[in-house]
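As structure tokens, the structure follows; a few thoughts come after it.
Just so it is clear, the model here is predicted, and its values are computed rather than measured. Heavy-atom basis, side chains included; hydrogens, waters and symmetry copies ignored.
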Amino acid sequence: MIFTATQIAGILNGEIEGDETVEVSKLAKIEEGTKGSLTFLSNPKYTPYIYSTDASITIVDKTFEAESNIKTTLIRVDDAYKAFSQLLDYYNMVKMNKTGIEQPSFISETAKYDENMYLGAFSYLGDNVNIGKNAKIYPNVYIGDNVTIGDNVVVFAGAKIYSESIIGDNCVIHSGVIVGADGFGFTPNEKGEYSKVPQTGNVIIEENVDVGAGTTIDRATLGSTIIRKGVKLDNQIQIAHNVEIGEHTAIAAQTGIAGSTKIGKHCLIGGQVGIAGHLVIGDRVRIQAQSGIGRNIKDGEAIQGSPALGYSDYNKSYVHFKNLPKIVDRIYKLEKKIDDNE
């Protein structure tokens, strides 16, 4: 997509200083700007680059004062950082504004969808699927029977939504996500062999949830696995059957949550955290990366370690962990001194 300085200034309600007709077709950091690119200056640390950048257009604050000649066309706005973010939103909106049904694709006769839906090639909509307004479903997406998807949902290429799943308005499901696969349910017999426990529940994802690439959310054994509104999930997270994650909780990559654990609202969970099953994690809990959680956590706790300790206790203990070889050596010397005195 190509935009002129005049078009960009119109979107941002900005003032042009330079060539109004100059065109850009890509975005760049100010220190890496090339001809045909758009950049911005917000952090004073990067001010020297505005005099050398080859970017065709640079968004700056209205208060910016040049100290020497500038090649780039300026667009002056009240807040350059916010304006650039606004432009990114607009760019994404235009870029993703696809409609129509590409072929080949399969749509069950009983599926219901809005006329403005975009359905990419090689996608599949099963029986009794119900899709809301302005959905964007990219190529190679599988949506199983009896799935409900709300308004303005984006499902990126290669995602799989198993039967009976429910996805609320304004959700984003990234590539490779699997929603509704069977939970890990098996029972051993007296011979040590395993029989599968049928997983008859579903997954409910409420509105405004983002699910990162490669994340898996298992269906419940009975009832529902529930992701509450506003939750943000990073890439490659495992959420097991019957888990519930509270509103506006954010979880970083490679975290694994075992079955039937309940996580509260507004929690922050770092990467590679392991959480055992059947636990209750309170509201506003902060869990540092690579922690292992094997107990219930009260509201507001900040924890770290494996098994996890109180955050401040862990930091105090770590001072001794790293000095342990020296401490052990001192103990040996003291013991030897005692033995020699005896």
Side-chain angles (χ1 to χ4, degrees), residues 165-168 170-174 177-186 197 199 201-318 321:
S165 298
I166 299 173
I167 298 176
N170 306 310
C171 288
V172 178
I173 309 296
H174 281 279
V177 167
I178 298 177
V179 175
D182 280 357
F184 191 60
F186 298 89
V197 177
Q199 307 292 293
N202 73 338
V203 173
I204 298 174
I205 299 176
E206 295 184 346
E207 64 268 23
N208 301 308
V209 171
D210 283 63
V211 183
T215 286
T216 57
I217 305 173
D218 291 344
R219 69 173 57 245
T221 305
L222 295 170
S224 300
T225 301
I226 304 175
I227 314 299
R228 297 293 184 190
K229 66 180 181 181
V231 167
K232 305 303 177 187
L233 301 176
D234 199 357
N235 302 332
Q236 298 179 333
I237 292 171
Q238 161 63 19
I239 298 173
H241 57 86
N242 292 94
V243 165
E244 181 174 341
I245 299 178
E247 298 174 6
H248 305 293
T249 283
I251 304 177
Q254 298 183 355
T255 287
I257 305 168
S260 299
T261 282
K262 311 299 181 188
I263 297 176
K265 304 174 183 178
H266 300 283
C267 295
L268 297 174
I269 300 175
Q272 295 187 334
V273 168
I275 302 177
H278 302 273
L279 299 181
V280 177
I281 310 296
D283 297 338
R284 303 178 306 282
V285 168
R286 289 166 292 158
I287 303 175
Q288 306 299 316
Q290 295 190 328
S291 294
I293 312 302
R295 62 177 176 87
N296 294 338
I297 307 297
K298 296 179 181 178
D299 291 352
E301 284 196 62
I303 59 177
Q304 182 172 6
S306 183
L309 308 174
Y311 181 59
S312 59
D313 290 339
Y314 178 86
N315 285 332
K316 291 174 184 176
S317 299
Y318 187 75
F321 297 161

> So, Thr216 versus Gln238: side-chain donor-acceptor pair below 3.5 Å or not?
Replying inline: yes
> Between Ser224 and Asn202, does any side-chain donor sit less than 3.5 Å from a side-chain acceptor?
Replying inline: yes
Donor-acceptor contact present, side-chain [X] to main-chain [Y], <3.5 Å:
X: Thr255; Y: Ile237; result: no
X: Thr249; Y: Cys267; result: yes
X: Arg219; Y: Gly180; result: yes
X: Asn242; Y: Thr221; result: yes
X: Thr261; Y: His278; result: yes
X: Asp299; Y: Arg284; result: no
X: Ser291; Y: Ala308; result: no

> OG/Ser312 to CD/Gln304 distance, rounded to the nearest 0.5 angstrom?
Replying inline: 10.5 Å
>> Return the CD1 to CG distance between Ile281 and Asn296, rounded to the nearest 0.5 Å.
In response: 6.5 Å
Determine the minimum heavy-atom distance between [X] and [Y], stating which atoms define it.
X: Ala240; Y: Gly259; answer: CB-N, 3.4 Å
X: Phe184; Y: His241; answer: N-CD2, 3.6 Å
X: Ile205; Y: Cys171; answer: CG2-SG, 3.9 Å
X: Ile178; Y: Ala181; answer: CG2-CB, 3.8 Å
X: Gly271; Y: Ala252; answer: N-CB, 3.4 Å
X: Ala276; Y: Gly294; answer: CB-CA, 4.3 Å

With a 4.5 Å limit on heavy-atom distance, are the side chains of [X] and [Y] in contact?
X: Ile303; Y: Arg295; answer: yes
X: His174; Y: Thr215; answer: no
X: Leu233; Y: Ile239; answer: yes
X: Ile275; Y: Ile263; answer: yes
X: Asp283; Y: His266; answer: no

>> Parallel, tilted or perpendicular: which one describes the rings of Tyr314 and Tyr318, with boundaries at 30° and 60°?
In response: parallel
>> Take a 6.0 Å sphere around NZ of Lys265 and say whether it holds more than 12 heavy atoms from other residues, nucleotides or ligands.
In response: no
> Can you pull the salt bridge (Lys or Arg N to Asp or Glu O under 4.0 Å) pairs that have at least one residue in residues 227-238, sequence neighbours excluded?
Replying inline: Glu206-Arg228, Asp210-Lys232, Arg228-Glu244
> Knowing that exactly one of Ile257, Ile226, Ile217, Ile269 qualifies, which makes a side-chain contact (heavy atoms from CB on, under 4.5 Å) with Ile245?
Replying inline: Ile257
